[in-house]
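Heads up, the thing below is written out as structure tokens.
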Amino acid sequence: MCGTDAVAALAELMPVTDGVDERVDWGEVEAVWGTRFPSDYVRFMEVYGAGAISETISILLPTPHVEGWPYQTDPGLQDETAGARETWEMLRDETDFDVDPESIVAWGVTSGADIYSWVTAGDDPERWPVLIFSRGNDVMRLVPLGMAEFLHRLLSDVAFREGKINIVLPDEASFVNWRNR
């Protein structure tokens, strides 16, 4: 499912009423990170922005400095990415796959201490899989889905959630942009 379609499918499950377009300067973001970002993440930032899904999953802001961002010492993706890379180094021997730690870029976290990242291997961001760090279980999983499709499945498929989130999600998903908290 392409990025725009995946976000549209997600919008059927999770109202966009409390979303806010972050108006991200993607050229600047890409210069900082040295790569393009997946179209579903770009579209998610346009439709929802950074914020919380059902008060349990936080989607991270791609830029370090936004006027009014309540976490001024938090540089968006950078802190969680550093944590994800450190966690990978600690637990990599317990997995049956290998990734370059420098290819890990975090995009979300849960209130249950899970970290959701991309493995940015390859030139096509549309093909980056989701890497899950289930901190509660010290387990890592690689899921061959994009961010929006992963979130859609997480919110709509109880069986899919197994081992991918350490918290209970409500039956109806909601989203609140950080500006509306």
From CA spacing to verdict: side chain to side chain contact (heavy atoms under 4.5 Å, CB included), Val105, Trp128: CA-CA 10 Å; Val105 175; Trp128 293 349; over 6 Å; no

Kindly assign one of parallel, tilted or perpendicular to the pair Trp88 and Phe133, based on the angle between their ring planes and the thresholds 30° and 60°. perpendicular

Using the test side-chain hydrogen bond (donor to acceptor under 3.5 Å, both in side chains), find all partners of [X] that sit at least two apart in sequence or belong to another chain.
X: Glu89; result: Arg92
X: Glu102; result: Arg85
X: Asn177; result: Glu22

Hphob cluster co-occupancy, [X] + [Y], side-chain heavy atoms under 4.5 angstrom:
X: Trp26; Y: Val20; value: no
X: Val139; Y: Val168; value: no
X: Val176; Y: Val16; value: no

I'd like to know whether Asn166 forms a side chain to side chain contact (heavy atoms under 4.5 Å, CB included) with Thr110, so could you lay out the CA-CA distance, the side-chain angles of the two residues, the decisive distance to 0.1 Å, and finally the verdict. CA-CA 8 Å; Asn166 284 318; Thr110 73; 5.5 Å; no

Residue list, side chain to side chain contact (heavy atoms under 4.5 Å, CB included) with [X], at least two apart or on another chain:
X: Glu46; value: Asp21, Val42, Arg43
X: Glu94; value: Leu91
X: Pro15; value: Thr17
X: Ala52; value: Arg181

Among Val143, Ile57, Leu145, side-chain contact (heavy atoms from CB on, under 4.5 Å) partner for Leu154: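 The passing option is Ile57.
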
Of Leu13, Leu169, Leu151, which is the lone residue that meets side-chain contact (heavy atoms from CB on, under 4.5 Å) with Ser156?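 Exactly one option meets the side-chain contact (heavy atoms from CB on, under 4.5 Å) with Ser156, and it is Leu13.
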
Under a 4.5 Å cut-off applied to non-hydrogen side-chain atoms, are Pro38 and Met147 in contact? no

Apply salt bridge (Lys or Arg N to Asp or Glu O under 4.0 Å) to [X] and list each qualifying residue two or more places apart in sequence or on a separate chain.
X: Arg161; result: none
X: Glu30; result: none
X: Asp171; result: none

Quiz: residues 115-125 side-chain donor-acceptor pairs under 3.5 angstrom, not counting sequence neighbours:
unit_1	atom_1	unit_2	atom_2	d
Tyr116	OH	Lys164	O	2.7
Thr120	OG1	Ser103	O	2.8
Asp124	OD1	Glu126	N	3.0

